[in-house]
Amino acid sequence: MAGAEEERLLTTGEFARRGLLSPKALRLYDRQGLLPPDRIDPDSGYRYYRPERLATARLIVRLRGLDMPLATVAEVLALPGPAAAERIAAYWAAVERRTASQRTLADHLRLQLGGLEGIGTMYTVEQRDVPEQLVLTERRRARPQDLDDFIGGAIGRLSALAAAAGGAAGAPFVVYHGQVDEDNDGPVELCLPVDPAAAPGLTAPHRIEPAHREAYTRITKAQLDYPQILSAYDAVCEWADGVGAERTGPGREVYFTDVMSAGPDDRVCDIAFPIGG
């Protein structure tokens, strides 16, 4: 019976050829537990595979064609069809987010090293009038690596406080009262507008944000990443300098939509500076 069974199995060389794998790759996937042989001859040490395993071999090849790490390939192989499809979709969405972020980082580096040449064609700067606002605030010192947690957490905390005052009355925004980079930590202030009529009952920290005119440019989720976001700040500053508009307040980020649910190329935020006149 062993001989008959062996006739139905494929040798390592035949399995690798038909599975679109190199023998070296097949040995690697064997060591990783992704594609172990179905039988190892105890005398010769030869490895044999069932022909129906070819589908798995070809799937591994195609997943690796997506530059999928072996650990993620193992996850996909362990899942039933629909769940495996969802895992592939999640992996590829992460790749697209990373690629979009890297693309904007390359643009930022090109602009910085090129002396900001061409920055005016990459960002459209507009103006708008912003009315006086009553804002709930939360302020702290933060480095670039702290900002995501601080901004997301502060929006959640202030939104809960705003609910007791009738809800938010405008988009949350972040004001940078000092430089934030590898060597400086702000401070940074998260602001959430609420109805001015709620002022008498507020116990949370709050202040009046004065009415002002501001110059702004709208950026995508991928452009939010540090340091590429700095190019948007540079674009607004260069525009203001070019038209002789004095910057009368610190830079800010206005989050007019839900960043978490947005795609990498969706516009999610305005980079703005108050300007005179």
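Computed from a predicted structure; not experimentally measured.
No side-chain donor-acceptor contact under 3.5 Å links Y123 to the backbone of I219. A distance-only check finds a donor-acceptor pair linking the side chain of S159 to the backbone of I155 [under 3.5 Å]. A donor-acceptor pair under 3.5 Å is absent between the side-chain atoms of D195 and the main chain of A198, judged by distance alone. Side-chain atoms of R143 come within 3.5 Å of backbone atoms of D183 as a donor-acceptor pair (strictly under, hydrogens ignored). A donor-acceptor pair under 3.5 Å is absent between the side-chain atoms of S101 and the main chain of R97, judged by distance alone. A distance-only check finds a donor-acceptor pair linking the side chain of D258 to the backbone of M260 [under 3.5 Å]. Put simply, the side chain of K221 gets close to the backbone of V259: a donor and an acceptor are under 3.5 Å apart. Not one N or O on the side chain of D270 forms a donor-acceptor pair closer than 3.5 Å with the backbone of A272. Between the side chain of T104 and the main chain of A222, a donor-acceptor pair closer than 3.5 Å is present. Counting only distance, with no hydrogens or angles, the side chain of H108 and the backbone of A106 share no donor-acceptor pair below 3.5 Å.
Annotation: side chain of R207 is not in contact with side chain of L136 (no heavy-atom distance under 4.5 Å). In this structure the side chain of L10 never reaches within 4.5 angstrom of the side chain of Y48, judged on heavy atoms. At least one side-chain heavy atom of L202 sits less than 4.5 Å from a side-chain heavy atom of V194. Two residues are said to be in side-chain contact when any heavy atoms from C-beta on lie closer than 4.5 Å; Y29 and L70 meet this criterion. No side-chain heavy atom of I271 sits less than 4.5 Å from a side-chain heavy atom of Q223. The shortest side-chain heavy-atom distance between E238 and V125 does not fall under the 4.5 Å cut-off. Inter-residue side-chain proximity for W239 and Q127 is flagged as met; some heavy-atom pair is nearer than 4.5 Å. A 4.5 Å side-chain heavy-atom check between R141 and F150 finds every atom pair outside the cut-off.
Taking a cutoff of 4.0 Å between a charged side-chain nitrogen and a carboxylate oxygen, R157 and E138 qualify as a salt bridge. With respect to the salt-bridge test (charged N to carboxylate O, under 4.0 angstrom), the residues D38 and R53 qualify. Remark: R247 does not engage E214 in a salt bridge, criterion side-chain N to carboxylate O under 4.0 Å.
A donor-acceptor contact closer than 3.5 angstrom links the side chains of E253 and Y255. For Q179 and D185, the side-chain atoms include no donor-acceptor pair closer than 3.5 Å.
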Handout entry: Stepwise side chain to side chain contact (heavy atoms under 4.5 Å, CB included) check, M122 with L111
Key = CA-CA 10 Å; M122 288 185 59; L111 289 170; 3.6 Å; yes
Problem - Stepwise salt bridge (charged side-chain N to carboxylate O under 4.0 Å, His left out) check, R8 with E52 - result: CA-CA 11 Å; R8 294 194 297 270; E52 50 266 37; over 6 Å; no
Problem - side chain to side chain contact (heavy atoms under 4.5 Å, CB included) between L224 and C269, intermediate numbers included - result: CA-CA 8 Å; L224 274 178; C269 175; 3.9 Å; yes
Practice task
Quick one: do D265 and R103 satisfy salt bridge (charged side-chain N to carboxylate O under 4.0 Å, His left out)? Show the steps, please.
Solution key: CA-CA 11 Å; D265 295 321; R103 182 175 65 248; 3.0 Å; yes
Exercise for the section: Apply the test side chain to side chain contact (heavy atoms under 4.5 Å, CB included) to residues I208 and E132: give CA-CA distance (whole Å), side-chain angles for both, the deciding distance (0.1 Å), then the verdict. Expected result: CA-CA 7 Å; I208 296 295; E132 179 181 279; 3.4 Å; yes
Exercise for the section: Evaluate the side chain to side chain contact (heavy atoms under 4.5 Å, CB included) criterion for residues R252 and E209: first the C-alpha distance (whole Å), next the side-chain angles of each, then the deciding distance (0.1 Å), finally the verdict. Expected result: CA-CA 12 Å; R252 63 215 39 217; E209 172 71 11; 2.7 Å; yes
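Heavy atoms of other residues, nucleotides or ligands lying less than 6.0 angstrom from CD of Q145 number more than 12. Residue E96 places its CD atom among more than 12 non-hydrogen atoms of other residues, nucleotides or ligands, all under 6.0 Å distant. Counting heavy atoms of neighbouring residues, nucleotides and ligands inside a 6.0 Å radius, atom CZ of R62 does not exceed 12 of them. The number of heavy atoms from other shown groups lying within 6.0 Å of CG (D241) is above 12.
In this structure, R218 forms a cation-pi arrangement with F256, its terminal cationic atom sitting closer than 6.0 Å to the ring centre and no more than 45° off the ring axis. R128 forms a cation-pi arrangement with Y216, by the criterion of a distance under 6.0 Å to the ring centre and an angle within 45° of the ring axis.
Evaluated for a side-chain hydrogen bond (donor to acceptor under 3.5 Å, both in side chains) with R47, the options T12, D30, D41 yield exactly one hit, D30. With P227 as the fixed residue, the side chain to side chain contact (heavy atoms under 4.5 Å, CB included) test singles out one of L105, L109, D181: L105.
Taking the six-membered ring for Trp and thresholds of 30 and 60 degrees, Y233 and Y176 have ring planes more than 60 degrees apart, a perpendicular arrangement.
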